[in-house]
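Everything below concerns the one structure shown next.
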Amino acid sequence: MKQSDLFFKTYKKISEEEEAKNSQFLIRAGFIEKVGAGIYNFLPLGLIVIEKIKKIIREELNRISCQEVLLANLHPQEFWQKSGRLKKFDVLFTVRGQRDNQYVLAPTHEEIIFPLVKKNINSYKDLPVALYQINTKYRDELRAKSGLLRNREFIMKDLYSFHTDEKDLERFKKLMDKTYLKIFKRCGLKAIPTLASGGTFSEFSTEFQVITEAGEDIIYHCPNCKYAFNKEIIDEKNNKCQKCFNNLIENKSIEVGNTFNLGTKFSEIFDVFYLDKNNQKKYIWAGCYGIGITRLLGAIVEVNSDEKGIIWPKEVSPFLVHLIKLNYSDSKINKKLRLIADRVYLTLKNNNIEVLFDDRENVSNGQKFIESDLIGLPYQIIVGEHSHSENLEIRSRLIKKIHKLKLNNLIKWFNSLNN
RNA sequence: CGGGGUGUGGCCUAACGGAUUAAGGCGCUUGGUUUGGGACCAAGAGAUUGUGGGUUCGAAUCCCACCACCCCGACCA
């Protein structure tokens with residue numbers, strides 16, 4: 001992608017009201033734009049990151065035989081009346097249609113997927129099954145805050161699994177927990193599985209918490225045996241690990257995902273059952289598993305940045321390389337450098353290395369450097385007076401190093417990074 | 001939802017009852033000089049000061065209502 005074609009603008013200054021680091025950097029670097037409290041537009045750069053996160057999630061979920069669907073977001077109100085959550089769920093957005101029909105804007109999808117599963121599953125032979133979607137959620141938070149961490153409209157991956165019995169559900173939940181750790185790791189995050197309250201559905205759930213000062217949650221975790229739990233589930237102050245009796249560490253953290261055992265609660269409400277081998281009617285056991293994708297994006301930026309800007313983890317970076325051609329008044333030098341930069345650009349592109357090419361003329365070199373650091377791609381290749389095709393300068397804030405390379409060796413060098 | 005605060009060109013700010021035609025910086029347009037860390041000079045374009053009402057000879061400025069946004073708390077399947 002040539003930067004001269006990219007729809008984006010960086011900002012030196014944005015409102016002091018925008019306090020959260022994640023939205024500050026993402027707005028300043030031209031990834032997102034704020035529409036209202038807890039409502040954001042995703043610009044080309046931001047959307048690329050979102051799509052990369054989705055890709056990772058899809059790869060890992062499809063690998064364990066989960067199937068993707070896309071569920072309705074406009075829910076006829078009777079579905080919510082039936083589940084009893086119309087009154088209980090206090091962040092519901094509701095809309096009225098032209099003929100006075102009432103809808104709920106989806107804050108979650110149990111009310112939709114359980115009726116769907118009822119129609120399609122009749123026998124123990126149909127189970128287990130795991131369906132997921134990546135979709136927008138609406139929650140009328142009284143206080144949206146912290147940039148992308150707590151929004152009124154946000155993108156979420158929600159997965160629902162259906163089983164013949166609790167044992168199979170537990171088996172699957174463990175598999176999901178493992179898969180979640182893989183997903184977060186690929187996103188550049190260290191997530192801690194944390195025992196938490198199960199809300200109204202079950203006694204406990206597993207939350208995946210990323211430690212950062214920007215977080216709203218408080219967790220206690222053991223540095224020795226990795227046992228961790230959310231502050232919400234402890235009654236009395238207890239500083240010792242219940243497993244190995246080490247001192248627990250207290251940290252603020254962001255919940256980027258969770259896994260729940262729903263039991264048969266919704267199956268009973270929506271009468272979702274199957275026939276077992278003995279022709280007996282049994283309620284289906286279900287689990288639900290969420291990852292807040294836009295929140296995850298916020299968490300990635302909170303954790304991966306320095307004073308200059310974002311430092312993207314490789315797999316979710318909008319591009320791997322920022323190719324920067326510097327400008328000079330001497331048109332001869334300028335022309336020569338442009339030729340070199342074009343060659344580097346094509347070489348990278350032809351070898352499937354994702355590159356953003358800052359080809360802009362009439363932009364000062366200082367501005368190019370500062371904007372590049374703000375955007376924060378893992379590698380910068382600088383084509384300037386001191387660097388030419390036999391002496392390319394490669395920088396990385398990710399590994400804090402400067403390399404000098406010949407164009408001929410460039411692809412080999414990048415390929416060696418993956419090993 | 002309780003408490004506190006803020007709304008001024010696209011963005012960030014100043015002016016806080018009368019100094020002029022609402023000022024400056026960023027960004028934008030045109031021309032010129034620059035270019036290894038958000039360059040400089042010159043000339044431009046761009047605002048019914050969140051909305052509605054009120055007080056006053058006079059309101060961006062004071063008062064009321066509404067709306068929006070921010071912070072603290074509560075809430076958070």
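Proteins come first, then strands; the chains are lettered A, B, ... in the order of their sequence lines, and each starts at number 1. What's counted below: heavy atoms across the whole structure, side chains too, no hydrogens, waters or symmetry copies.
Remark: aromatic rings of A:Y124 and A:Y274 are distant, center separation not under 6.0 Å. Between A:W413 and A:Y379, a ring centre-to-centre spacing shorter than 6.0 Å is recorded. Within the 6.0 Å centre-distance limit, the rings of A:F229 and A:Y227 are counted as a close aromatic pair. For an aromatic pair to be called close, the ring centres must be under 6.0 Å apart, and A:W312 with A:F31 satisfies this. Between A:Y283 and A:F266, the distance from one ring center to the other does not fall under 6.0 angstrom.
Taking every heavy atom of residues 318-334 of chain A and every atom of RNA chain B, pairs under 4.0 Å involve A:L326, A:N327, A:Y328, A:S329, by number.
Donor-acceptor pairing under 3.5 Å is lacking for the side chains of A:E255 and A:S253. For the residue pair A:D358 and A:H322, no side-chain donor N or O sits within less than 3.5 Å of a side-chain acceptor on the partner. Side-chain contact check for A:T259 and A:K173: at least one donor-acceptor pair (N or O, by modelled atom type) lies under 3.5 Å. Side chains of A:D158 and A:Q133: a donor on one and an acceptor on the other come within 3.5 Å. A side-chain N or O of A:N62 and one of A:Y132 form a donor-acceptor pair less than 3.5 Å apart.
Going from the P atom of B:A68 to that of B:G50 covers 16 Å, rounded to whole Å. Comparing the P positions of B:G24 and B:U20 gives an interatomic distance of 15 Å, to the nearest angstrom. To the nearest whole angstrom, the two P atoms, one in B:G7 and one in B:C12, are 12 Å apart. On the P atoms, B:C71 is 28 Å away from B:G52, given to the nearest whole Å. Remark: the separation of the C1' atoms in B:A65 and B:U21 is 32 Å, to the nearest Å. Distance check on atom C1': B:A59 versus B:U48 gives 14 Å, rounded to whole Å. When the C1' atom is used for both B:G10 and B:G46, the distance is 9 Å, rounded to whole Å. Only the P atoms considered, B:C66 is 12 Å distant from B:G2, to the nearest whole Å.
Base pairing of B:U49 is not made with any nucleotide, judged by Watson-Crick or G-U wobble geometry with both donor-acceptor distances under 3.5 Å. Remark: B:A42 base-pairs with B:U30. Criterion, Watson-Crick or G-U wobble with two distances under 3.5 Å. B:C69 and B:G5 make up a base pair, with Watson-Crick or G-U wobble contacts both under 3.5 Å. Checking B:G58 for Watson-Crick or G-U wobble geometry (two distances, each under 3.5 Å) identifies no partner in any strand.
Residue whose closest nucleotide on RNA chain B sits further toward the 5' end, between A:F369 and A:S205: A:F369. Heavy-atom nearest nucleotides on RNA chain B were determined for A:T108 and for A:K9, and the one closer to the 5' end corresponds to A:K9.
Atom CD1 of A:I27 is separated from atom C1' of B:C12 by 13 Å (rounded to the nearest Å). A:E111 places its CD atom 9 Å from the C1' atom of B:A77, with the value rounded to the nearest Å. Distance, A:I291 CD1 to B:A77 P: 17 Å, rounded to whole Å. Across the protein-nucleic acid pair, A:Q24 atom CD and B:C12 atom C1' stand 13 Å apart, rounded to whole Å. Following rounding to the nearest Å, A:H75 (NE2) and B:A77 (C1') show an atom-to-atom distance of 14 Å.
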Please produce a list of atom pairs where a protein N or O lies less than 3.5 Å from an N or O of nucleotides 68-76 of chain B.
unit_1, atom_1, unit_2, atom_2, d
B:C69, OP1, A:A37, N, 2.9
B:C69, O2', A:E17, OE1, 2.6
B:C70, OP1, A:K34, NZ, 2.8
B:C70, O3', A:E17, O, 3.4
B:C72, OP2, A:R143, NH2, 2.1
B:G73, N7, A:R143, NH1, 3.3
B:C75, O2, A:R150, NH2, 3.4
B:C75, N3, A:R150, NH2, 3.0
B:C76, O2, A:R150, NH1, 2.3
B:C76, O2, A:R150, NH2, 3.1

Could you list, one pair per line, each protein nitrogen or oxygen that sits under 3.5 Å from a nitrogen or oxygen of nucleotides 38-47 of chain B, together with the distance?
unit_1, atom_1, unit_2, atom_2, d
B:G38, O2', A:K12, NZ, 2.6
B:G38, O6, A:Y11, O, 3.2
B:G38, O6, A:R28, NH2, 3.1
B:G38, N1, A:T10, OG1, 3.2
B:G38, N2, A:T10, OG1, 3.0
B:G38, N2, A:Q367, NE2, 3.2
B:G38, N2, A:E371, OE2, 2.3
B:A39, OP1, A:S364, OG, 3.4
B:A39, OP2, A:S364, OG, 2.8

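In summary, A:K252 and A:D217 do not engage in a salt bridge, as defined by a charged side-chain N under 4.0 Å from a carboxylate O. Ion pairing of A:E60 with A:R186 is present here, as a side-chain N (NZ or NE/NH1/NH2) and a carboxylate O approach within less than 4.0 Å.
Below 30°, between 30° and 60°, or above 60°: for A:H109 and A:H75 the angle between ring planes is above 60°, a perpendicular geometry.
Across all strands, A:S372 comes closer than 4.0 Å to no nucleic acid atom at all (heavy-atom distances). At a threshold of 4.0 angstrom between heavy atoms, the contacts of A:V91 with the nucleic acid are absent.
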